[in-house]
Amino acid sequence: MRLAEYDGKALLRRHGLAVPRGILLQAGDGPPAEAADWPGFLLKAQVLEGGRGKRGLVRRFDKVGEFRDARRLILPALDDADTPLLLEEAVAIAREIFVAVRIDGTAQRLELLVAPEGGENVETAAKLARVPLGAGTPATPETIFAGIAQLLPRDLAARLSRYAARLPDIARQEDLELLEINPLVLAKDGSLIACDAKIVRDDSADFRHDADEFALSRRLAERGLTRLERQARGLGFQLVETDGDIVLVTSGAGLGMMMMDLLADHGLRAASFMDNLRGAPDETMTERLTIARALAARPNIKAIVFQTVIASRSLAERIEALIAWINAEPLPKPLFVGLAAGHAAARAMSPDAAIEKLRVLGVAAFTDPVALVKAVAGATG
Ligand code: GDP
Ligand code: MN
């Protein structure tokens with residue numbers, strides 16, 4: 001789950017890191033009386049995408065009376081006028097730093113990233129220190145200092161090392177995939193203040209945390225779903241609509257990604273990605289096919305690919321359910337079926353027998369996924 005800035009800062013504050021004073025305003029709310037004597041203001045749209053500064057979704061102003069003008073400048077750049085806005089006290093910036101802790105998936109450990117010039121153009125900044133944080137390199141200020149000392153003045157490097165050494169523990173306790181602070185502001189008074197936060201929590205660890213916290217982030221994520229994505233979630237699986245022309249029906253993230261890659265290797269683009277939901281029923285084939293039919297009715301879609309891999313459940317049952325779906329209503333687009341079945345799955349029906357049953361209905365089926373994708377490319381290209 002990606003946290004909105006407001007929720008991310010609440011998490012940082014809970015762990016004792018300084019963030020600017022701020023108040024979340026719903027659409028139509030004005031600035032509260034307590035903000036009147038702040039030294040300056042920022043108004044920041046709470047959307048889950050980054051790069052808000054460049055999109056005009058972050059506005060700075062000096063007097064509380066300029067609030068309405070700032071809001072008027074933000075509104076046209078928003079997809080949804082009901083987006084909440086964060087009103088913050090502006091911090092006087094001496095320097096913007098980028099600091100992040102993320103999971104290095106290849107090395108299977110955390111790593112710390114530090115760029116001495118943070119802010120909106122950090123992607124193009126040349127200087128970046130990567131400090132691996134594993135069992136061999138505990139995240140102490142000393143090890144971090146050694147990794148970043150060449151990038152910053154010594155006294156700032158030392159203070160930043162002490163600051164950064166706290167982040168890996170927060171990431172572990174909160175089950176974060178990413179904890180990015182950009183900008184981490186060195187204020188004119190010498191303090192370090194997290195002025196923006198991009199935080200992603202590992203969804204698999206959701207059960208360890210309060211289901212009611214971060215209501216804003218949940219609401220924003222929900223609002224970003226398409227109608228079919230929301231419907232799929234209600235039916236017990238996860239759908240992600242992608243920009244493509246082949247409806248892909250699979251079960252499990254690994255198989256889905258493999259098939260998306262195979263399609264792409266053959267010049268085709270998947271229009272859907274399906275995955276299982278935690279705690280959902282483990283058999284949702286009928287529901288997936290229902291959504292696939294709705295997707296396939298769209299004019300830009302050229303074909304439907306159904307790929308199944310089964311080890312112990314019955315191939316016969318699965319093929320009978322598939323045939324019932326095929327016969328229920330005319331298919332909006334040609335269907336291609338891939339099947340892989342282990343010995344236990346093939347007891348009542350062999351893959352060859354399944355392929356023959358589908359062939360009789362005019363549906364091409366394959367045991368080799370590459371042959372399947374080549375057939376789709378040949379028929380649609
Ligand atoms: P993003 O573009 O979505 O990452 O939004 P940010 O919250 O990082 O804001 C973009 C830029 O606004 C930052 O890089 C800063 O330059 C500036 N900014 C953010 N907070 C403050 C602040 O408290 N004071 C000042 N002066 N500038 C700020
Ligand atoms: Mn930022």
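Both backbone and side-chain heavy atoms feed into the values below; hydrogens, waters and symmetry mates do not. In listed order, ligands and their atoms are each counted from 1.
The existence of a salt bridge linking Arg52 and Asp196 is confirmed by a sub-4.0 Å separation between a basic side-chain nitrogen and an acidic carboxylate oxygen. Ionic pairing of Arg298 and Glu241 is present here: one or more N-O contacts between side-chain nitrogen and carboxylate oxygen are shorter than 4.0 angstrom. Salt-bridge check for Arg201 with Glu174: passed, with a basic side-chain N closer than 4.0 Å to an acidic carboxylate O. Salt-bridge formation is detected for the pair Glu356/Arg359: a Lys NZ or Arg NE/NH1/NH2 atom is positioned less than 4.0 Å from an Asp or Glu carboxylate oxygen.
The distance from atom NE2 of His15 to atom CG of Leu179, rounded to the nearest 0.5 Å, is 9.0 Å. The CG atom of Leu192 lies 9.5 Å from the CD1 atom of Ile181; values are rounded to the nearest 0.5 Å.
Atom 5 (O) of ligand 1 has Arg52 NH2, 3.3 Å as its closest protein atom, hydrogens excluded (heavy atom only). Among all non-hydrogen protein atoms, the one lying nearest atom 15 (C) of ligand 1 is Glu96 OE1, 3.3 Å. Nearest to atom 6 (P) of ligand 1 among the protein's heavy atoms is Asp196 OD2, 3.4 Å. Given atom 26 (N) of ligand 1, the protein heavy atom at minimum distance is Arg60 NH1, 3.0 Å. For atom 27 (N) of ligand 1, the closest non-hydrogen atom of the protein is Ile93 CD1, 3.3 Å. Nearest protein neighbour of atom 11 (C) of ligand 1, counting heavy atoms only, is Glu120 OE2, 3.3 Å. Looking at atom 2 (O) of ligand 1, its nearest protein heavy atom turns out to be Gly53 N, 2.8 Å. At the top of the distance list for atom 23 (O) of ligand 1, counting protein heavy atoms only, stands Val91 N, 3.0 Å.
Every atom of ligand 1 with a heavy atom of Gly51 under 4.0 Å away is listed here by number and element: 2 (O), 3 (O). Residue Asn182 has at least one heavy-atom neighbour below 4.0 Å for each of these atoms of ligand 1: 8 (O). Close contacts between ligand 1 and Ala90 involve ligand atoms 23 (O) [criterion: under 4.0 Å to a heavy atom]. Here is the list of ligand 1 atoms found below 4.0 Å of a heavy atom in Pro183: 8 (O), 13 (C), 14 (O).
The shortest heavy-atom distance from Pro20 to ligand 1 is not under 4.0 Å.
Residue pairs satisfying the ring pair (Phe, Tyr, Trp, His ring centres under 6.0 Å) criterion with at least one member in residues 17-36, sequence neighbours excluded, are absent.
Within the sub-2.8 Å shell of the Mn ion (ligand 2), the protein contributes these N/O/S atoms: Asn182 O, Asp196 OD2.
A side-chain N or O of Thr308 and one of Arg318 form a donor-acceptor pair less than 3.5 Å apart. Defined by atom type and a distance below 3.5 Å, a donor-acceptor pair is present between the side-chain atoms of Asp189 and Ser191.
In terms of polar-atom proximity, Lys44 is counted as a contact of ligand 1, with an N or O under 3.5 Å from an N or O of the ligand.
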